[in-house]
Each structure stands twice: as structure tokens, then as C-alpha cells.
Amino acid sequence: MNDTKSPPEIEEKVGVYVCHCGTNISKVVDVEDVAKWAESNPHVAVSRDYKFMCSSLGQELIEQDIKEKGLTKIVVASCSPHMHEGTFRAATEKGGLNPFMFEMANIREHDSWTTDDREAATQKAKALINGSIERVIHHQPLEQIPVSINPSTLIVGAGIAGITAALELANGGNHVYLVEKQPSIGGHMAQLDKTFPTLDCSACILTPKMVDVSQHPNITLLTWSEVEKMDGYMGNFQVTVRKKARYVVEDTCTGCGICIEKCPFKVIDTEFEVGMGERKVIYRPFPQAVPKYPVIDAANCVYFLKGKCKACQKFCPTEPNSIDFEQQDEILKLEVGNIILATGYQLFDVKRIPQYGYGKLENVFTSLEFERMVNAAGPTEGKILLRDKESEPESVLIVHCVGSRDENYHKYCSKVCCMYSLKFGHLVHERIPDATVYNCYIDMRTPGKGYEEFYDRLLQEGTNFIRGKVAEITDSPRTPEEEGKLIVQVEDTLIGRQRRIPVDMVILSPAIEAQPDSKEVSQLFKMGCDFEGFFIERHPKLDPVATMTEGVFIAGACQGPKDIPDTVAQGAAAASRVASLISRGTVMMEPVRASIDTENCSGCRICNNLCPYNAIEFVEEEGYSQVITALCQGCGTCVAACPSGVITGAHFTNEQLFSQIEGLLWDVQELEPVPAGKEE
Amino acid sequence: MTDQFEPVIVGFLCNWCSYRAADLAGTARIKYAPNLRPIRVMCSGRVDPQFVLTALLNGADGVLIAGCHPGECHYVNGNIKTLRRFLLLKKTLKQWGIEDERVQLLWASASEGIFLAERVNKMTEELRALGPLRWHEKVLGMNGAELVTVKEA
Ligand code: FES
């Protein structure tokens, strides 16, 4: 073992504080008994139980005891260290001790909240506290490590969340790299027509922000680009970005659009127009796209396929020519201090519910198709038409919760579908006043400013609301009225009757899903995502935009379904978190780092390859390895592997952990053996 | 409580995923066996096989090592090293006649509170069925008798 027994103990005086947490702990754990029991430990000088240790009075208790009773170590038994470790470290420091002379025993999340068995919970609390007491005795004073923060920020995803965050930071004078994988920024919001409940036009409120981004001196915009690698840590990340070949030279292109006009080939636009319209092979996703430079879709370009055409190049009026068929992907290395992920969402594939007939029944549409249809710049120039692009529907039925709130697909509520389904109802009424509109919903969810009022408005406008989950949509009629119609089979749960509703058009409102690559993205940035693929925030309530990786933040629908106002709020929140780090300039990092006792290192080099950060170097001349502290992240893998036991992991030393293990088992040790690991 | 045997399980939970999964299980008030006694380590890769042996030697009936899912380790791949060490350790333990169920490794992400709780319940059941470990008898046997000395106070 490397950690030779700690220096013959300077009489340690441990203070133990057992928190009631109101009744959160005391309801299940007999806190008074535990506090009294702890007193019997020879190292313990003071043991108390208290209603709320995290209150200022509770903290003062610790400070006072340190000063008056000469405590050398502190143990607080309360909640998770993820909640209050910082609080009690600060109290320990205020009392005059090094903040690391403190240890926490988690008797709430890991104990009182997990069982109703009072006896077992009390016993477990004693074990956890005893482990902490035995551990804290071996704690050593540590200093936090200062890390300087690079003031540049990387934002991944340029939908409304990323755009908002980028503008907030840039307006504050900070440099931002905004990376977007599509050829244009704007995200899903650029595809929408009107936004609920105010019905302002999506493009009208979005495009000014897009222009601001493109003109901002502090924003480096990298569209048609993807992040491939992230290294480093908060304050100093190195990010590798692939800027895909556009085959258009950005330096000379004026964005005149002549190439697009002259390109002789069209393909179905499955991206922006979701298959409802066409685009050229050299294209801008939409007229207000930012940046203005087009991109060549190499997979469909006749020149790339057959070696002939080059119409775009021929007609390009710039000097030198802006079309470059030889252009290669560029690999950029960026240095940034913080990262905001705003990678958005995708829509549930409605084909997964075959009984709704999408793809087989022509006039079943998805919500996004309908958004494009009602948009004046969309494929039908704003006219609501059936798939034949000629006839107007006389009746439209909107199905809520397609893939949401459904055991078979997603259990969660996608949050925005009720509202936009209502909006669709309104738009149909507006464009085709005589049309009959049905909304089939499970529960109407309209929490939000002005949302319930909007629902009221729809009720006034005469939309028919049917409470029930649609079972099936078919085109096989049973009666003459059903002839030539789509028939929607639904149980109207308010009248308790099965209904068959013949309509001309059905719109499905699919669930909001995590991006298909969200798992890979979360791994790339070393933070987590949940079962559904949404990124996990550091705390669901109090830290909604931070992640478990310091310096990596999240905003918008990549964290969970949300509407535009919430997304914008999160974008701004993430930016302000980053801004506060930038203005601090230097932040303190946990001093949990490895170090090697070079004198006793045998030079076996086993640790060299284990380190995921290449933070251990072998000093050839001296024949030993040493840790480059600036690179070490403190995982402790090398400590566990060192055959000579000469690597110490600060704050997680062998001595501390062995003592904790033994302490934890105080009540079950059969004999008092010499532990196997402790000889040598 | 009835008279049934209640095993003691020492848990090594990594700070970033499984410790948080256990936090989440608590926050969500998921009730599970109180038999697990968790220790926080920064990464499952910090778990020295000697920790496991020390726990067993000191009266634990089982040890649970929990880390992030492969690919999700906060420190890139510490959990893969854990897995390697775990497999090696299991081989040794087997030679000593220590049943497979006694030392388990699992991956639990920060959102998998329920899963973690279920696994603790399952492991507790398995160990109840196996009964106490009795390391001294089983591993040291008569040969180890002299090794067991009373610790100097
Ligand atoms: S941090 Fe969880 S296993 Fe490495």
C-alpha cells in the first residue's frame, strides 16, 4: 500500500452532525439514537442531531464547535453530497479548518427515502456514518486547483436555442463558434408557419435573429459542419470540427442565386419541405437561409455522378468562380472554454403506427407537412390542399399524441402537440371557413401564458373536440357517407360511444423525440442521456442547463420536449451560465488528482497506458513515471492499478477508502482480522 | 423483521452515473432493500480488487460495483478497465469457492434509479438464498487460522 499509515494520529476530534431534514430523515431513521451512538466512537468529540443542518443555524453549529471544541474533522449525515457538499465544506472552512476536512454521509437519498423499515434504516445510517468517521480521520488538507477559462464558447446546433445562446454571449462581447450540421441555421422553427398562441409568423420573428447571427462580429458561423471530437476539460476544451465541402467558395460567393436558377436538376426536398416540395441539386434550404451560400448536394449532382453538366459553374457570375468541384472537407481545431449543446429534436416516425395509415392513405399528413403546406412560402403557397394538390378538404381531423403518452412508444407527453394541434384547427377555420374540424385528444394540455385562452378561442370557433384515442384510420367504407373518405375510428370517452368519423384529411401530431444520434453526441461530450435519448441536466430543478460535465451545458429540446418560449429561456440561461464563468476568468476545480511517489516508483509503466488523458509520462533518465497534474482528471484508474502502490489519488486515497470499508462494516465483522489488503 | 438472513452488501458507486442513480432512486422514493451500503468513488475504475477483498474479509456478504454504461464513463473508459479487473477477480474468487452472485458488476446511468434499485433487490434475494459468506471459514479455513490475529488497539 502506498499510503503508509497516517502520521501517528494527532488526537483527531471528529464532530458528527445528524440531520433530521425536517422529517425526511427522522421519520425513518432514529436520528437521536444515531447521534447518541456516534458519541461512543473514540474519535468523536461532539455528536449532535439537528432539524436542518443546511440552514444557517445548522452551519453555525459546525463553525462554533470547531472554534470552541477544537474539532479537527467534520462529518455531516444528511442528504447526497451532490446537494450540499459545497455548503458544509464552506462551513468547515468558516470554522477555520481546511474544507476537505469534511465528509458527508448520505442517509437521505441512500437510506431514509429508500425504505420504511425503521430498524434497518437506522442501522444503515450508523454504518454509513461510521464509514465516514473512519474515512474522515485520514482526510488531508487540499487546495483547489485554479483553472483559467478560455473566453470562446462552442455552441452546437443553431436552432432557436443555439441562436439565442450565441447572440446573448456575443452581445456580451464574447466570441462564439456556432456549429450547425444543416446548410442553414434556423432549425425546426424555420419550418413552422405560425407560432401558438399569438399566431405571429415564425419566420418573421426568427429571421431577424438569424441575420444578427450572420452579421455579428463575435460569431464564427460554421454551417454544414459537425463536431467530431472533444478533448480537454472545462476552461480548455479542444474541439475538432468537420466543415463539409459545400463545393461553393464562401469567400467569393455573393449569394446571388443564379446557380440555383440555372441548375437543370430537381429532387424531392425531404429535409426542409419534408417531402412536400422540390429543390434544385444546388440549393439553399429556404430563401432566407443563413448563410446565403448555396450547397451542392453531391449525392444527386449529375456532375458528381456522371462527370458532365457544370451548369452552376458556367453561370456563376463571380470572379474568380465560386463553384469548386474539387473542394474538400476541412478539419478545424477549435479551442474553447465552454460548450453549449442545443441539438434539438426529431419527430416520431408515424409509420411506426401502421393503423394510422400514413404512407398508405394519401391524405394522412404529419404535422410538419401541414406546417409547410400552410406556409405562404411552402409547396402549396399556403393553400390547404389534399395530396392531389387541387382539392380543398371539407373536413379535417387532427390526431393528438401520436407516439406520445403511449406505453408502446413514448410514455412522456411531448408538451407542444396540443397547442399546435389547436393552432392547426384555427388555421383550417381561417383558410377554409366552411370546413369541419375535429381534434381527437386524450387530455387537453394547455399550461402556459395565453394557452388556455387559445383553447377557449378554438371552442368558440367551432372546432369539434373528441376526447378519445384514435384506434384506426381506414379507407374502407361501411356506409354511403363514408364512400371516398378517410374513416377515423375513435371511442368518444365523454359520451362513451365508438364513433366512425368520415373526413377528407387527417393530420397526425407526432411525438417529439431525441435526435437519433443523441447517444453518440452525449458520449462525444462525455455527459449522459436518458433512456429516451434526451440529455440529462445536472439537477432537474435547480440546475436545468448544466450537465455532469463541467463546462458543458444544454439548452432546448435536446433536454426534453419544450415549446419556443421555454427553449429560448434555456438558451439564454445556458449563455448566462457560460458568461458568468467567462467573467470569473478563473474557476477552482476539485483537487482530486493523482500523484506518484517517484522515489518508490518501479518504472513498470503499467499506468502510462491506462490513463485516458495521457496525463502520465515516463521520465526515461530517471526511470520513473510522473503525473502531469494539469491533464489529470482524477478518475483514480491508475491508483487502482499501480502494482507498487505508489500512486495516491488525492481525497480518494487507499487509506481513506480501506478505512471507510471497514468502518461501514463495523457491525458485521466476525473477528478482528488483519485485512488482507493492509499487510505488506 | 423476520428472522431471515439479511446480507450486507458493500456498493462501490461511481460519482457520475451510478451514485446519481442511487440518489435518483431515493428522490423518487423507490423502496428497495436496505442491505446496500454505498461508497462513493469518482469512477468505477478506481475500484481496486483489494477493496472488494477487504469488504468480504470484513464481513460483507457481497459487493456490488456499479459504473456508467460502456462508452459513457465520465473518464472515457475507466469502466472498461473495471470490467477487465472484475473478470480477473471473479476467476480468483471462484477458486476460493466464492459464489458468482457475491460480487456483481452493473452499469447504471444517472437516470436509471429504478434499475439500480431492482438490481439491489435481486442481489439481496440471491444472497439471502446463499446465506452468510463466512470468509474466514471458507477462504482461510484452518490454514488461515493463524492469520487471524486480534488487531492491536
Ligand atoms: S465515471 Fe462512472 S464508470 Fe467511470
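Per chain, numbering begins at 1; letters A, B, ... match sequence-line order. Scope of the values below: all heavy atoms of this structure, side chains included, with no hydrogens, waters or symmetry mates.
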Which atoms of [X] are under 4.5 Å from chain A, going by heavy atoms: the side chain, the backbone, both sets, or neither?
X	result
B:D61	neither
B:I9	neither
B:R40	both
B:P7	neither

Is chain B contacted by the side chain of [X], its backbone, both, or neither, given a heavy-atom distance below 4.5 Å?
X	answer
A:D111	neither
A:I536	side chain
A:E103	neither
A:L664	both
A:F531	both
A:A641	both

Contact winner vs chain B - [options], heavy-atom pairs under 4.5 Å:
options	value
A:H110, A:Q523, A:R135	A:H110
A:Q123, A:H651, A:R108, A:R538	A:R538
A:L657, A:D530, A:T549, A:N106	A:L657
A:D667, A:N24, A:V592	A:D667
A:P81, A:P540, A:C79, A:A127	A:P81

Handout entry: Sub-6.0 Å ring centroid separation between A:F535 and A:F525
Key = no
Exercise for the section: Please check if the distance between the ring centroids of B:Y19 and A:H82 is under 6.0 Å. Expected result: yes
Would you tell me whether [X] and [Y] have side-chain atoms, one donor and one acceptor, within less than 3.5 Å of each other?
X	Y	result
B:H69	B:N79	no
B:D23	A:S80	yes
A:Q559	A:E537	yes
A:Q660	A:E662	no

Considering only heavy atoms and a distance below 4.5 Å, find which of [options] pairs most often with chain A.
options	value
B:A117, B:G113, B:A28, B:S111	B:S111
B:N35, B:N15, B:V41, B:V8	B:N15
B:P34, B:P132, B:C17	B:P34

Practice task
Assess whether atom CD1 of B:I114 is packed by more than 12 heavy atoms of other residues, nucleotides or ligands within 6.0 Å.
Solution key: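 For B:I114, atom CD1 is not crowded (no more than 12 foreign heavy atoms under 6.0 Å).
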Practice task
Show your reasoning for whether side-chain hydrogen bond (donor to acceptor under 3.5 Å, both in side chains) applies to A:H410 and A:E532.
Solution key: CA-CA 8 Å; A:H410 299 297; A:E532 301 281 5; 2.8 Å; yes
Practice task
Identify the two heavy atoms, one from A:A121 and one from A:V28, that lie closest to each other, and give their separation to 0.1 Å.
Solution key: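 That closest heavy-atom pairing would be CB-CG1, 3.6 Å.
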Exercise for the section: Would you please test B:N58 and A:Q669 for side-chain hydrogen bond (donor to acceptor under 3.5 Å, both in side chains) and show each step? Expected result: CA-CA 5 Å; B:N58 279 280; A:Q669 282 159 340; 2.9 Å; yes
Handout entry: Value rounded to 0.5 Å, distance of CD1 in B:I80 from SG in B:C68
Key =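 The CD1 atom of B:I80 sits 10.5 Å away from the SG atom of B:C68.
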